[in-house]
Amino acid sequence: MSDRYALPLLDAREAETRLCTYCPKLCRPACPVGTFEAREAVIPWGIMRGMNELARGAVAEGDEAAVAATAWACTRCGNCRSLCLLDNPVADTLVDARADAFAAGLAPAEASAVSLRFPERIARIEAAAGAVGAVDAPRGDGSTAYIPGCTAVLFESDHVAETTRAVARLSPSGGCTLVSDFCCGAPLLDAGDREGFLAHARRVAADLGAYTHLVTGDAGCAHTLKVMYARLGVAPPRWATVEHVAELAARNTHLLSAVDEKRAVVMHDACRLGRGMGVYEAPRAVVAAVSGRAPLELPHHHEHSTCSGAGGLLPVTRPETATAVARELADEVREVAGDREAVVVTSCAASRRALHSAGIDAEDLSVWIARGLLR
Ligand code: SF4
Ligand code: SF4
């Protein structure tokens with residue numbers, strides 16, 4: 001245990017950080033950050049070894065913040081775990097490491113700023129949701145809430161009405177209630193502000209406590225609400241089902257019809273939906289139903305899919321690395337598409353923005369569902 005800092009969560013992860021410390025770096029090729037930065041300190045092995053040393057008080061005095069900062073050299077993509085023969089949960093360990101570092105005052109300034117500015121973010125989301133306004137869609141028995149996700153509301157608001165009507169049509173409760181002035185709190189979790197995240201999550205759980213079926217349009221929201229809330233003990237027991245809209249649509253592909261789509265359609269597995277929640281086939285079933293053919297697969301797909309670099313606050317803490325990682329994914333798309341005009345379909349809003357910046361056309365899986373349904 002560190003004699004200079006209290007790091008209780010990292011102390012509890014001693015087994016995980018020790019496993020990596022004595023491992024021959026089997027997962028090295030899996031990590032997008034380590035691959036681009038090409039430094040031992042930011043491959044999963046190096047980061048976890050650094051956390052182990054930090055927790056043991058083995059880091060030289062004055063170097064602790066620099067070592068702690070490597071906990072943010074991670075998109076939480078989970079790709080290292082899919083190559084790890086020991087199934088070591090590196091991303092989850094680093095979520096705890098960030099929380100300890102934040103509480104100890106060792107977080108990078110960029111991460112602290114995300115926490116400080118979170119109220120401004122909420123105000124922006126509420127303003128954007130107000131601009132979207134009410135959507136004319138059946139509410140059914142009132143048990144289903146549809147959460148498009150804050151990135152969709154902030155940057156892709158033109159599609160909120162159609163995706164809401166799509167969820168209403170698919171919902172077994174006969175409709176849904178749009179919840180657009182919403183953030184799951186993932187930025188606080190990624191920043192390491194565990195106290196702030198838990199307080200926010202408890203408010204969300206109270207606000208949405210009346211619903212028994214939550215449908216999200218964004219893979220990140222689905223993962224945070226379903227996996228992280230449960231892991232950190234804030235999910236209300238009434239939430240019988242939390243799912244991404246692709247899961248709901250895949251149970252209803254008979255309602256989807258094929259559209260006239262001439263572009264090459266490329267499937268991207270969002271890290272949070274795929275590795276995070278084990279949902280791989282539902283998006284493919286939906287895209288096949290709407291485009292009339294199976295989507296093209298990237299060189300890395302399913303549990304080995306390539307991260308876009310947009311997760312885990314990497315674009316904030318290491319923007320150059322995040323941009324380079326997105327370019328890698330864009331190159332994979334070009335490799336598959338060849339000379340054809342192509343579109344990537346993904347359930348990750350942050351990935352869509354990253355791909356757009358890298359010159360790739362990327363569309364929301366929710367919008368594809370609406371397109372196949374509302375005809
Ligand atoms: S995650 Fe697994 S493979 Fe990678 S360094 Fe740790 S123990 Fe080794
Ligand atoms: S979760 Fe992804 S980004 Fe993080 S250490 Fe593992 S491979 Fe690297």
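Atoms within a ligand are numbered from 1 in the order they appear, just like the ligands themselves. These numbers come from the heavy atoms of this one structure, side chains and all, not from hydrogens, waters or symmetry mates.
In summary, the atoms of ligand 2 found under 4.0 Å from a heavy atom of Gly78, numbered by their order in the structure, are 1 (S), 2 (Fe). For ligand 2, the atoms sitting less than 4.0 Å from at least one non-hydrogen atom of Pro44 are 5 (S), numbered in the order shown with element in parentheses. Atoms of ligand 1 lying under 4.0 Å from at least one heavy atom of Leu26, given by number and element, are 3 (S). Near Cys27, the atoms of ligand 1 lying under 4.0 angstrom from a non-hydrogen atom of the residue are 1 (S), 3 (S), 4 (Fe), 5 (S). Listed by number with element, the atoms of ligand 1 under 4.0 Å from a non-hydrogen atom of Val90 are 1 (S). In summary, the atoms of ligand 1 found under 4.0 Å from a heavy atom of Cys23, numbered by their order in the structure, are 3 (S), 5 (S), 7 (S), 8 (Fe).
Heavy-atom contacts from other residues, nucleotides or ligands closer than 6.0 Å to CD of Glu195 number 12 or fewer.
Although no hydrogens or angles enter the test, the distance criterion places a donor-acceptor pair under 3.5 Å between the side chain of Arg98 and the main chain of Ala71. Arg275 contributes a side-chain N or O that, together with a main-chain N or O of Cys77, makes up a donor-acceptor pair within less than 3.5 Å.
If you check which protein heavy atom lies closest to atom 2 (Fe) of ligand 1, you get Cys84 SG, 2.3 Å. Atom 6 (Fe) of ligand 1 has Cys20 SG, 2.3 Å as its closest protein atom, hydrogens excluded (heavy atom only). Protein heavy atom closest to atom 3 (S) of ligand 2, with residue, atom name and distance, is Thr75 N, 3.3 Å. Looking only at protein heavy atoms, the nearest one to atom 8 (Fe) of ligand 2 is Cys31 SG, 2.4 Å.
In the candidate list Cys80, Cys77, Cys74, Cys74 is nearest to atom 4 (Fe) of ligand 2, counting heavy atoms.
A cation-pi arrangement is found for Arg353 relative to Phe155, the charged atom lying closer than 6.0 Å to the ring centre and inside a 45° cone about the ring normal.
Note on ring orientation: taking the six-membered ring where Trp is involved, the planes of Phe118 and His200 are perpendicular (angle over 60°, cut-offs 30° and 60°).
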One pair to check against side chain to side chain contact (heavy atoms under 4.5 Å, CB included): Thr163 and Val367. What are the steps and the verdict?
CA-CA 6 Å; Thr163 56; Val367 174; 4.1 Å; yes

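Remark: of the listed residues Asp11, Thr93, Asn52, Asn52 is the sole one forming a side-chain hydrogen bond (donor to acceptor under 3.5 Å, both in side chains) with Thr17.
Taking 4.0 Å as the cut-off between side-chain N and carboxylate O, Arg49 and Glu53 count as a salt-bridged pair.
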